[in-house]
Amino acid sequence: MKKPWAGRFKEKTADIVEDFTESVSFDWRLWPYDVEGSIAHARMLARQSIIKRDEANTIIEGLREIAGEIASGRFRWDRKLEDVHMNIETALIRKVGAVGGKLHTARSRNDQVALDTRLYLREESRAVTRLVTKFGKVLLRLAKKHINTAMPGYTHLQRAQPVSFSHHLLAYVEMLQRDRERLEDAMKRINTLPLGACALAGTTLPTDRTYLAGLLKFERIAENSMDAVSDRDFVIEFLSAGAILMMHLSRMAEELVLWSTDEFSFVELPDAYTTGSSIMPQKKNPDVAELIRGKTGRVYGSLVSLLTIMKGLPLTYNRDMQEDKEPLFDTVDTLKGVLAMLVALFPRIKVRKDRLEKALHGGYMLATDLAEYLVLRGLPFRDAHDATGRIVRHAVEKGVALRELSLEEMRGFSPLIDEDVFEVLGVEDSLRRRKSRGGTSPDEVKRQIQRLEKSI
Ligand code: ARG
C-alpha cells in the first residue's frame, strides 16, 4: 500500500514503526465526523472555484459510498494507512480516481483531526449533558416522595442533625446542575471551527472559513491558525467537567454502598442490580455502586493524561497529541455508561423508612435545637451551647434520650428551660422549624423542588 506521503522517502516504513504509530485501531470511531468534514470541505473548495463543481460532486458521492461501506461493516481499515483520515482519503482515491486527490487541497491532517475531534465531542458532550439532566429528573422524582421522610444528617460520618431524605437527594441534584452548567460552558469552546488552519499557517489558496463554519454549524472560528491546530483545551475542559461529575457520582455511589450494609440498611438495592459471591451464599453485593466509584479513577487518569501530554509541547502540532483520543473516548463511554446505569438503578432502590426512623433515636441530634431554644430565650449562643452540652453529657451518662429527661433535671442546667422545651425535642418539629433558605423544612424543600423542576 503506497502511503499518501511516500514521495519523500527512499525506504519503506518498518513494520514495527507502523504498529507503533498507527491510530486507526481507535480513531476509526471518528469516521462519521471525518466524512462530514470532508464533504463540507469539498463544497467550500468548489464554491471558491479551487476545484470544479463536478469534481466536488464526484468526491462527495465517493465519500457517501465509503460512509455506507463503513456503516455496514464492509470497509477494511488498514493499519499501514495510519489513521482514519488517510484510510478514508485513500479509499476515496481508489474509488473515484485521481480527482479524489483534490480533496486534501488547502487542508492538513492537523486541522482535520482537530475538526473531527470537535465534531465528535460536540455530539457526545450533548449526549452526556442530556443524561445528566435525565438523572437529575430521576432524583427529583424520588425526592418528591420523601419530603417528610426524616433521616440522620451526618458530619464526620457522625449523626449530626435530622434532615429529610428528600433534602439529601436534592443536594446531589444541585451538584448535577453545576455539572450541566460546566458542560454547557465548555461547549462554547468545543464548538469552534479549526478547519482551514491547514498545517499551521493558513493557505495561499482563496478558501472561505466563514462558509465552512456555517456548513458545519460552528458558533465560532478559531482565529489563529497556529492555535487552531495545537489547541486541545476543549478536550481538557470536557475531561475536567467529567472528572468533577464523576467525583459527585462516586460520592453518591459510596453512600449507596454504605447505606446498603447491614449496619445502615437505609436502602435496599434490587436483586437485578446486585451480584452474589462465588463462595458465600448469603452475599448480595453492591458491585454496581462500587464500579461507579472505581471508574472515577479512570476519568481522573484521563484528565491527568491530557494535561501531561500537552504541558511540554512546543507550538504547533506534535504527534504526542494523537494520545488524546483514547482517554477522551474512554471518558465519554464511561460517563454515558455510569449515568445510564444510575438512571436505571435509582427508581428501583427501596428506601427503608423504618431503618431511617430507627437511626434517628439516639445520637442526640436535637441538641442544636435545644441550644437554639435557649438562644430564643435570650441566652448568648456560646452559653446555650455549653448548657446544652452539659445536658447531653448528663443524658449520655444516664443512658437516656434528651426528651426522656425531666423538666426539673433540665432546669438544673438552665432556669430558662420551660415546659414548652418538649416541643423542640421532636424530630418532626425539628425538620418543620428549619425554614431558613436552603434548609431542610418540608416547606423549604418543596420550594427547592419547584425551583429545580423549572431550571432542570
Ligand atoms: N492521527 C493523527 C492524530 O491523531 C492525525 C494527525 C497527524 N498529523 C501529522 N502531521 N502526522 O493526531
Side-chain angles (χ1 to χ4, degrees), residues 1-9 11-14 16-38 40-41 63 66 70 75 77-93 101 103-124 190 192-203 222 225-236 238-239 302 305-333:
M1 178 69 59
K2 186 168 168 277
K3 295 197 184 352
W5 42 254
R8 160 75 176 75
F9 293 79
E11 226 186 349
K12 171 176 169 303
T13 319
I16 190 175
V17 171
E18 278 175 344
D19 286 344
F20 191 73
T21 55
E22 70 85 24
S23 57
V24 70
S25 57
F26 49 88
D27 70 15
W28 66 271
R29 288 175 59 160
L30 293 175
W31 72 263
Y33 313 101
D34 200 72
V35 169
E36 185 188 353
S38 288
H41 187 65
L63 286 167
I66 290 167
I70 301 173
F75 192 83
W77 299 104
D78 184 352
R79 288 159 89 95
K80 293 197 181 310
L81 290 168
E82 271 186 39
D83 53 26
V84 61
H85 324 293
M86 292 211 299
N87 266 271
I88 293 178
E89 191 194 339
T90 306
L92 176 71
I93 295 169
L103 172 62
H104 211 55
T105 312
R107 187 175 75 169
S108 152
R109 274 186 297 158
N110 300 347
D111 55 347
Q112 190 178 357
V113 72
L115 172 73
D116 293 6
T117 309
R118 285 172 183 277
L119 287 171
Y120 161 83
L121 192 50
R122 185 169 74 178
E123 189 166 312
E124 294 293 3
I190 293 171
T192 298
L193 174 86
L195 192 63
C198 306
L200 75 161
T203 174
S225 63
M226 295 179 76
D227 180 48
V229 294
S230 64
D231 168 27
R232 291 295 180 275
D233 291 6
F234 65 100
V235 178
I236 294 173
F238 174 80
L239 295 179
S302 296
S305 288
L306 253 285
L307 286 168
T308 312
I309 289 163
M310 296 306 294
K311 76 176 268 292
L313 299 186
L315 300 188
T316 52
Y317 178 83
N318 300 271
R319 191 64 175 268
D320 314 44
M321 289 157 77
Q322 178 169 293
E323 291 289 316
D324 66 351
K325 300 203 185 44
E326 287 158 293
L328 175 60
F329 296 161
D330 187 73
T331 297
V332 166
D333 295 344

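In what follows, every heavy atom counts, from backbone to side chain, and hydrogens, waters and symmetry copies are set aside. Just so you know, ligand 1 is whichever comes first in the structure, and atom 1 is the first atom listed for that ligand.
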Peer 1: Which protein non-hydrogen atom lies closest to atom 5 (C) of ligand 1, naming both residue and atom, and how far is it?
Peer 2: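 Looking only at protein heavy atoms, the one closest to atom 5 (C) of ligand 1 is Asp83 OD2, 3.5 Å.
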
Peer 1: For ligand 1, which part of Lys325 has a heavy atom less than 4.0 Å away: the side chain, the backbone, both, or neither?
Peer 2: side chain

Peer 1: Check each atom of ligand 1 against the heavy atoms of Ser23 and keep those under 4.0 Å away; list them by number with element.
Peer 2: 1 (N)

Peer 1: Which protein heavy atom lies closest to atom 2 (C) of ligand 1, and at what distance to 0.1 Å?
Peer 2: Gln322 OE1, 3.3 Å

Peer 1: Salt bridge check, Asp231 against Arg118: does any charged N sit closer than 4.0 Å to a carboxylate O?
Peer 2: yes

Peer 1: What residue and heavy atom of the protein are closest to atom 3 (C) of ligand 1, and at what distance?
Peer 2: Tyr317 OH, 3.3 Å

Peer 1: Could you identify the single nearest non-hydrogen protein atom to atom 8 (N) of ligand 1 and state the distance to 0.1 Å?
Peer 2: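 That would be Asn110 OD1, 3.1 Å.
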
Peer 1: Output the distance between atom CE (Met86) and atom CD1 (Ile88), rounded to the nearest 0.5 Å.
Peer 2: 12.0 Å

Peer 1: Which residue owns the protein heavy atom closest to atom 11 (N) of ligand 1, what's the atom, and how far is it?
Peer 2: Arg109 NH2, 3.5 Å

Peer 1: Charged N to carboxylate O below 4.0 Å: is that the case for Lys3 and Glu18?
Peer 2: yes

Peer 1: Between Asp27 and Lys325, does at least one N-O distance fall below 4.0 Å, as a salt bridge requires?
Peer 2: no

Peer 1: Could you check whether the rings of Trp77 and Trp28 sit parallel, tilted or perpendicular, using 30° and 60° as the cut-offs?
Peer 2: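 Plane angle between 30° and 60°, so tilted.
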
Peer 1: Using a strict 4.0 Å threshold on nitrogen-to-oxygen distance, state whether Glu124 and Arg29 make a salt bridge.
Peer 2: no

